[in-house]
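Report on the structure given below.
Whatever order the structure lists them in is the order used to number ligands and atoms, beginning at 1.
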Amino acid sequence: MMGEQAMIKIGILGCAGRMGRALLAEVDGSSRALLSGGTVRPGASPLVHTADGRSFADSIDEDAAALFARSDVLIDFTSPKASLDHLALACSHEKPLVLGTTGFTADQQADIDDAARTIPILQAANFSLGISLLSSLVRQAARALGPEFDAEILEMHHRHKVDAPSGTALALGRAVAMGRGVDLDEMSEKLRDGQIGPRVPGRIGFATLRGGDVVGEHQVIFAGMGERLVLSHLASDRQIFARGAVHAALWLATRWQEDQTPGLFDMADVLGL
Ligand code: NAD
């Protein structure tokens, strides 16, 4: 119909997780999206309750292939292993995929990069508006200050998080490396213990804290002689990630419907940063 946008059918892979439940609530409340269903880990209950007390059971089961078949776009916040299975299904069904899972190995990331030659993939270690902006500020700061200012990245997350440093901390490290024109893999320093000697110039350091129910906190510290610049982001509600992921899914599905071109995208593309 003229002037009316078609509703986009969104499927949620791993809808019983912390992020999955936030996504169920977000898609359910969206005026532009329809929930095409969700998957749970094999053997898990298909009845899922959101934090605000709503229950979902319709179209929730273990059958990811069927969910791909009836969705316009899929959102995955599961585990690296499950995400790789979902990636294969996205390719065989030619469906756009939003990937929020973190902690991929270099080989797994290479598989994602390969798949993006067939289908559109939007991958982000963090879907918040604040972190997207912080990444570009960090890149600018690193370029302006140079390696004389030691760069350290500190992050804290809840006690259940399984990968470290967080995907967001690594993305912020990449922003420092890009600003300096160096390779993060060559310059990162993730472990310090015992008699390690003085700081090696130019290194990008990481420190990881875990505990309680912290949703996600990141600081990028540029420490010079006599002054320190500290850029930080505090997430207090994981619904912000769900909101960003649904916004990204609508953007990706619309783009795919309009021009059918694959590619690997991030939140900077969605936000036009
Ligand atoms: P979680 O452990 O609460 O949820 C993961 C869910 O996936 C679980 O319910 C698990 O049963 C389910 N799952 C695993 N394998 C599955 C399969 N094959 N099929 C269906 N479901 C399956 O974890 P979480 O806190 O929701 O985080 C999930 C991932 O998202 C982690 O990698 C985390 O780092 C990442 N994360 C990313 C962002 C972001 O903005 N990109 C924000 C928060 C978390």
Side-chain angles (χ1 to χ4, degrees), residues 11-26 37-51 56 59-68 71 74-90 97-105 108-109 112 121-135 155-172 174 208 210 212-218 233-249 252 264-268 270-271:
I12 300 168
L13 299 154
C15 69
R18 273 176 292 268
M19 278 305 301
R21 281 175 280 139
L23 286 159
L24 278 180
E26 201 61 36
T39 60
V40 289
R41 199 174 43 197
S45 164
L47 177 62
V48 179
H49 304 283
T50 55
F56 292 80
S59 310
I60 294 177
D61 55 31
E62 303 169 3
D63 191 348
L67 182 62
F68 270 89
S71 304
L74 287 296
I75 305 180
D76 172 301
F77 283 71
T78 55
S79 69
K81 189 182 169 303
S83 297
L84 267 278
D85 293 342
H86 296 148
L87 186 71
L89 284 171
L97 180 65
V98 173
L99 265 184
T101 302
T102 60
F104 294 108
T105 63
Q108 289 171 330
Q109 186 58 49
I112 296 168
I121 297 175
L122 194 141
Q123 187 181 17
N126 194 303
F127 283 91
S128 78
L129 178 62
I131 286 285
S132 297
L133 196 58
L134 180 63
S135 299
E155 58 107 336
M156 179 159 189
H157 281 85
H158 54 88
R159 61 171 68 139
H160 302 289
K161 185 161 178 63
V162 294
D163 55 319
S166 71
T168 303
L170 292 170
L172 291 169
R174 265 191 300 280
T208 298
R210 291 288 176 264
D213 60 356
V214 178
V215 172
E217 302 188 355
H218 294 85
H233 180 264
L234 310 177
S236 47
D237 183 353
R238 61 173 52 80
Q239 208 61 38
I240 57 165
F241 306 132
R243 201 167 304 138
V246 170
H247 181 62
L252 197 67
L264 187 60
F265 306 98
D266 62 18
M267 280 310 273
V270 177
L271 299 170

Can we say Glu155 and Arg210 salt-bridge, meaning some charged N sits less than 4.0 Å from an Asp/Glu carboxylate O? yes
Looking only at side chains, do His86 and Asp76 share a donor and an acceptor under 3.5 Å apart? yes
Protein residues near ligand 1, heavy-atom distance below 4.0 Å? Gly14, Ala16, Gly17, Arg18, Met19, Thr39, Val40, Arg41, Phe77, Thr78, Ala82, Gly100, Thr101, Thr102, Ala124, Ala125, Asn126, Phe127, Lys161, Asp163, Phe241
List the steps and the verdict of side-chain contact (heavy atoms from CB on, under 4.5 Å) for Cys15 and Leu23. CA-CA 7 Å; Cys15 69; Leu23 286 159; over 6 Å; no
Assign the ring pair Phe127 / Phe77 to parallel, tilted or perpendicular, where the plane angle (0 to 90°) is split at 30° and 60°. tilted
Using modelled atom types and a 3.5 Å cut-off, is there a donor and acceptor pairing between side-chain atoms of Asp163 and backbone atoms of Ser166? no
Scanning both residues in full, the closest heavy-atom pair of Thr78 with Leu13 reads CG2-O, 3.5 Å
